[in-house]
Amino acid sequence: MENTQTPLSLGRLLLTGAAGGLGRELRPRLRARCTLLRLSDVSAMDAAQDGEEVVQARLEDRNAVHELLRGIDAVVHLGGISTEQHFDAILQANIVGTYNVYEAARRHGVKRIVFASSNHVTGYYRQDEVIDPTMPVRPDGHYGISKAFGENLSRFYFDRYGVETVCLRIGSSFAEPANRRMLATWLSFADLERLVVASLTTPVAGHSVIYGMSDNTVTWWDNTPARHIGFRPLDSSEPFRAAKEAAEPGIDLRDPAAIFQAGSFVHAGPFED
Ligand code: NAI
Ligand code: 15L
């Protein structure tokens, strides 16, 4: 669907996780709106174009992250492990790494961060209930716990230091829904862009939490408490429904992956030493 947002200057923006799936989608979309787009990841990225800087760094390297935030107005923090993994890996990338980003933001006076949280913060709610961002978290694994840590960390940095954050509990952001569950959780790339831009530009963000989903007909999430962000999704998973339902004709309602919003994440692990 066509992007109807007006061009805006987002100033000097840092995008972490720039080599990842969503980072690569957002890079050209954000570059067009920035004075400077600084891109960072532990993995290699495409060479810098006009208006870009590319810096390879590990999020758990505190000094490197401190330098990453120098001269930056706002951060879109996508970097980290994006699936369920051994706790030690998640501890470094998602917990220590996100702490480093916030501490560097405080020291450099960065005003706003858009934090890629995840629906897995509330994965143990059921698929037959609709929840909103004010309800207690129910993480479905190490990964969801690390994102809940990021949400709490960002609340502390707002309450104590005034660093604003919009936590995006992203559902499933892919080119199209991969399965039946994603008919409820899908966030198109164009709606992801709308969500990130709204989060960066809403005049008063404070500390906010919002689910990242398109205007799907079936939904488990009610974003009413986050209406102040001004996010209006324009896409929907509905055109994919017939194909996804045909591919998965039966649902085993004894399978926890069909009962809980987490889907197959409930089957990941345990990860033992
Ligand atoms: P991705 O796994 O494709 O990208 C994450 C990037 O972070 C990778 O390029 C990776 O190299 C980088 N990274 C990992 N550990 C790092 C470290 N220690 N230091 C520096 N960089 C590191 O994930 P994707 O799909 O692009 O997601 C982006 C963010 O959005 C992630 O934080 C993910 O948890 C979150 N998210 C994504 C969803 C989706 O549907 N794609 C759903 C919910 C949340
Ligand atoms: C996530 O948090 C993951 O990063 C992504 O890869 C998807 O699995 C998504 O959740 C989902 O729940 O579909």
Side-chain angles (χ1 to χ4, degrees), residues 14-27 39-46 54-62 64-65 68 75-86 88-101 104 113-125 127 139-151 154 166-189 191-193 195-196 199 209-214 216 220-221 237 244 257 260-268:
L14 169 65
L15 177 67
T16 70
L22 301 189
R24 279 180 280 118
E25 278 301 321
L26 284 175
R27 178 175 178 171
L39 301 145
S40 186
D41 202 290
V42 68
S43 300
M45 294 153 281
D46 290 345
V54 169
V55 184
Q56 216 167 334
R58 291 185 94 69
L59 288 164
E60 52 269 55
D61 180 340
R62 191 157 300 165
V65 172
L68 266 185
V75 181
V76 177
H77 180 39
L78 303 183
I81 290 175
S82 62
T83 54
E84 182 63 349
Q85 305 275 342
H86 197 290
D88 293 345
I90 286 186
L91 172 64
Q92 292 307 316
N94 293 15
I95 294 183
V96 175
T98 302
Y99 171 78
N100 289 343
V101 169
I113 299 179
V114 176
F115 168 56
S117 182
S118 170
N119 73 91
H120 294 283
V121 162
T122 49
Y124 267 120
Y125 284 95
Q127 295 190 13
D140 57 54
H142 303 143
Y143 169 66
I145 291 166
S146 75
K147 294 295 188 182
F149 170 85
E151 292 190 3
S154 59
V166 182
C167 299
L168 311 182
R169 288 184 181 168
I170 301 170
S172 308
S173 194
F174 299 100
E176 60 178 65
N179 52 41
R180 187 174 190 138
R181 169 180 170 272
M182 290 191 194
L183 295 171
T185 61
W186 188 58
L187 174 68
S188 72
F189 292 143
D191 281 340
L192 170 71
E193 177 188 358
L195 177 57
V196 169
S199 301
V209 181
I210 183 169
Y211 285 92
M213 72 229 181
S214 285
N216 304 326
W220 306 322
W221 307 320
S237 63
K244 297 302 154 193
F260 296 108
Q261 296 184 6
S264 61
F265 274 57
V266 294
H267 293 310

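All ligand and atom numbering here is 1-based and tracks the order in the structure.
Between the side chain of E84 and the backbone N or O of Y143, at least one donor-acceptor pair lies under 3.5 Å. Not one N or O on the side chain of Q261 forms a donor-acceptor pair closer than 3.5 Å with the backbone of Q127. Between the side chain of N94 and the backbone N or O of G80 there is no donor-acceptor pair closer than 3.5 Å. Remark: side-chain polar atoms of S146 are not paired, donor with acceptor, to backbone N or O of I95 under 3.5 angstrom. Between the side chain of T185 and the backbone N or O of G171 there is no donor-acceptor pair closer than 3.5 Å. Within the 3.5 Å criterion, the main-chain N or O of S214 finds no donor-acceptor partner in the side chain of D191.
Contacts of S82 classified as side-chain hydrogen bond (donor to acceptor under 3.5 Å, both in side chains), with partners at least two apart in sequence or in another chain: none. Every side-chain hydrogen bond (donor to acceptor under 3.5 Å, both in side chains) that S154 has, sequence neighbours left out, goes to H207.
Closer than 4.0 angstrom to ligand 2 by heavy atom are S82, S118, N119, H120, Y143, G171, S172, F174, R181, M182, F265, sorted by chain and number.
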Any protein N or O within less than 3.5 Å of an N or O in ligand 1? List each pair with its distance, or say none.
unit_1: ligand 1; atom_1: 2 (O); unit_2: S82; atom_2: OG; d: 2.7
unit_1: ligand 1; atom_1: 3 (O); unit_2: G21; atom_2: N; d: 2.9
unit_1: ligand 1; atom_1: 7 (O); unit_2: G80; atom_2: N; d: 3.1
unit_1: ligand 1; atom_1: 7 (O); unit_2: G80; atom_2: O; d: 3.3
unit_1: ligand 1; atom_1: 9 (O); unit_2: G20; atom_2: N; d: 3.0
unit_1: ligand 1; atom_1: 9 (O); unit_2: D41; atom_2: OD1; d: 3.3
unit_1: ligand 1; atom_1: 9 (O); unit_2: D41; atom_2: OD2; d: 2.7
unit_1: ligand 1; atom_1: 11 (O); unit_2: D41; atom_2: OD1; d: 2.6
unit_1: ligand 1; atom_1: 11 (O); unit_2: S43; atom_2: OG; d: 3.3
unit_1: ligand 1; atom_1: 18 (N); unit_2: E60; atom_2: OE1; d: 2.7
unit_1: ligand 1; atom_1: 19 (N); unit_2: L59; atom_2: N; d: 2.9
unit_1: ligand 1; atom_1: 21 (N); unit_2: V42; atom_2: N; d: 3.3
unit_1: ligand 1; atom_1: 23 (O); unit_2: S82; atom_2: OG; d: 3.3
unit_1: ligand 1; atom_1: 26 (O); unit_2: G21; atom_2: N; d: 3.2
unit_1: ligand 1; atom_1: 26 (O); unit_2: L22; atom_2: N; d: 2.8
unit_1: ligand 1; atom_1: 32 (O); unit_2: L78; atom_2: O; d: 2.8
unit_1: ligand 1; atom_1: 32 (O); unit_2: K147; atom_2: NZ; d: 2.9
unit_1: ligand 1; atom_1: 34 (O); unit_2: Y143; atom_2: OH; d: 2.5
unit_1: ligand 1; atom_1: 34 (O); unit_2: K147; atom_2: NZ; d: 3.2
unit_1: ligand 1; atom_1: 40 (O); unit_2: S173; atom_2: N; d: 2.7

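For the atom pair OH (Y211) and OG (S117), the distance works out to 8.5 Å, reported to the nearest 0.5 Å.
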